[in-house]
Number of protein chains: 2
Amino acid sequence: MTDQDVTASSDVAELLSQASSALERFQIMYSVLRDRICMLVYPPGTQLSEEALASEFGVSRSPLRKALQILEADGLLLSQQGVGTLVTEVDLQELSQVYELRLELNELTGRLCPRPLDQKLVALFDSLKRRAERLSAAPDRAVFARLNIDFFHAFQQLTLNEPLRDVSEKLFYRTCRIWLTLIDEKDLPKEVTIFCGEIVEIANAVRLGDYQAAALIRRAHLSMGFNRLKTAIQRSADLKAS
Amino acid sequence: MTDQDVTASSDVAELLSQASSALERFQIMYSVLRDRICMLVYPPGTQLSEEALASEFGVSRSPLRKALQILEADGLLLSQQGVGTLVTEVDLQELSQVYELRLELNELTGRLCPRPLDQKLVALFDSLKRRAERLSAAPDRAVFARLNIDFFHAFQQLTLNEPLRDVSEKLFYRTCRIWLTLIDEKDLPKEVTIFCGEIVEIANAVRLGDYQAAALIRRAHLSMGFNRLKTAIQRSADLKAS
DNA sequence: CGTCGGTTATTTGTACACAAATAAGAACTC
DNA sequence: GAGTTCTTATTTGTGTACAAATAACCGACG
């Protein structure tokens with residue numbers, strides 16, 4: 001069972017009961033909740049109930065709260081006594097600062113501690129390429145979002161610098177929701193086409209072992225993507241005002 | 001009362017009783033514990049007792065555990081059921097990856113979202129320069145460590161990119177203990193002289209508004225400092241082996 | 001004497017009951 | 001009828017008792 005399947009699993013209580021240590025149980029709850037937040041199962045502004053979640057997961061509030069507290073430190077949740085635990089909104093100001101940093105970190109991923117190219121890595125990007133082709137044929141928001149997450153993780157494999165991977169991952173999860181919240185059905189095919197192009201290009205660069213080229217391509221797409229985001233935000237703000 | 005005083009305060013229970021919200025109480029406990037870890041009040045390998053700390057802080061284990069859990073996520077603590085809560089050791093392998101990343105992030109601090117130069121910033125660096133001069137006259141390990149921390153925070157003021165500041169801070173606190181653990185009394189005057197020279201140079205660059213120059217100087221010192229660290233680690237390993 | 005096995009003490013993890021804080025709604029007043 | 005204050009329901013925060021896990025200790029046995 002892969003990690004994606006774990007986080008997407010519906011019977012979390014079952015998984016938790018099979019976990020052998022407190023650390024494992026924490027990781028399951030953390031992954032599941034983060035995944036739900038990023039896949040908009042819990043859209044921004046959603047109020048989570050500790051009681052209800054603990055009940056669903058088959059644990060008491062104590063261990064659940066640890067997962068919630070780390071997610072709060074990650075900037076995905078906000079808990080307040082007497083109010084509740086709310087999924088944070090994504091704010092343009094904050095988003096643009098995170099994106100600016102991600103652009104630079106992305107370049108480092110292609111430069112620091114490069115992981116030697118092996119068949120496994122090539123195969124990973126190939127499988128993403130195939131998934132991208134299937135997505136192109138039948139655009140779907142959830143499939144798009146999932147591929148976006150998995151592609152991010154594949155890209156992170158290019159570096160062996162663990163602190164860089166950790167930092168990049170936190171920042172990624174802080175921003176990736178914005179796509180699902182802003183891209184409407186009409187824009188989806190266009191975005192899918194662009195994204196699949198990116199995957200193909202980067203997979204080719206990786207196959208050649210040129211990680212810096214891969215990073216440059218990704219940086220370009222991140223930058224262009226952020227610009228498209230800004231116009232989408234502007235558009236939705238105009239829509240709201242009218 | 002400044003933040004440094006807060007973290008250095010001995011009567012934490014008193015402070016906590018005056019805090020008005022759970023968030024404030026958390027921040028106090030977190031800052032105090034992080035400070036104690038970085039100032040080697042709790043050297044690497046120290047076992048902390050939740051019971052004892054909760055008792056000292058005048059709270060129950062529940063709110064204390066939140067602070068411990070975040071510190072564990074920061075990589076400063078490691079909790080294990082049946083074993084205890086241990087202050088992590090600093091490992092050379094990990095350290096060098098973090099340093100490599102810090103070198104690069106440091107450059108970003110001088111480049112992204114520069115904070116407009118104002119009198120307050122100049123005054124901040126001037127006051128650090130004066131503290132450095134006093135330290136030079138009377139080298140002291142604890143004063144050195146404190147100045148190192150405060151100088152880091154001053155440098156962070158050069159950028160307004162908050163995610164960058166957050167990330168840099170976490171990485172700084174993950175590495176800064178190494179100096180106190182490795183630099184012995186004999187090396188102290190030399191290290192103090194080098195560090196004070198860095199502060200003077202950077203303060204001058206800041207006064208001119210040339211943050212990128214400041215970042216370059218700092219990068220050079222970070223790099224050289226890391227090299228000195230590596231030889232010190234090698235030396236202490238040799239000492240251990242003999 | 002060394003080694004293996006069980007026992008026990010200690011520590012974190014978990015469950016649960018209650019306290020504190022907030023917000024929504026009801027009732028009361030002007 | 002509008003505004004204000006009190007009440008109450010709901011939610012997270014905190015305290016505490018107990019469970020689970022680990023490691024050190026001790027004794028028996030080879």
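Every chain is numbered from 1, with letters handed out A, B, ... down the list of sequences. Note that the structure is a prediction, hence the values are computed from the model and not measured.
Rounded to an integer number of Å, the gap from B:Arg65 CZ to C:dT12 P is 8 Å. Here D:dG13 presents its P atom at 10 Å from CG of B:Leu23, a figure rounded to the nearest Å. What separates CZ of A:Phe57 from P of C:dA15 is a distance of 13 Å, to the nearest Å. In this entry the distance linking CG of A:Leu86 with C1' of D:dT12 reads 11 Å, nearest Å. Rounded to whole angstrom, the span from the CZ atom of A:Phe26 across to the C1' atom of C:dT14 amounts to 16 Å. Remark: C1' of D:dA23 and CD of B:Gln80 are 11 Å apart, rounded to the nearest angstrom. Rounded to an integer number of Å, the gap from B:Glu50 CD to D:dT14 C1' is 14 Å. Distance B:Leu78 CG to C:dT11 P: 17 Å, rounded to the nearest Å.
Across all strands, B:Leu48 comes closer than 4.0 Å only to sugar-phosphate atoms, never to a base (heavy-atom distances). Contact annotation for B:Arg25: backbone-only contact, meaning every heavy-atom pair under 4.0 Å involves sugar-phosphate atoms and none involves a base. Looking at heavy-atom distances under 4.0 Å, A:Thr85 makes contact with sugar-phosphate atoms alone, never a base.
In summary, the side chains of A:Asp35 and A:Tyr173 do not present any donor paired with an acceptor at a separation below 3.5 Å, with no hydrogens or angles considered. A donor-acceptor contact closer than 3.5 angstrom links the side chains of A:Glu24 and A:Ser20. If you check the side chains of B:Ser60 and B:Arg65, you find no donor sitting under 3.5 Å from an acceptor.
Between A:Ser20 and A:Arg61, the residue anchored closer to the 5' end of DNA chain D is A:Arg61, taking for each the nucleotide with the nearest heavy atom.
Non-hydrogen atoms lying under 4.0 Å from DNA chain D are contributed by nothing in residues 66-75 of chain A.
Annotation: cation-pi geometry not satisfied between A:Arg141 and A:Phe144 (NZ/CZ under 6.0 angstrom from ring centroid, within 45° of ring axis). Seen from the ring of A:Phe172, A:Arg102 does not count as a face-on cation partner, given the 6.0 Å and 45° thresholds.
Distances shown here put every side-chain N or O of A:Ser60 at or beyond 4.0 Å from the OP1 or OP2 atom of C:dT14.
The base of D:dG15 sits with one of its N or O atoms less than 3.5 Å from a complementary donor or acceptor on the side chain of B:Ser62.
Taking every heavy atom of both residues into account, A:Arg61 and A:Ala54 meet most closely at N-CB, 4.0 Å.
Panel note: side chain B:Glu104, backbone A:Glu104; no donor-acceptor pair is recorded below 3.5 Å.
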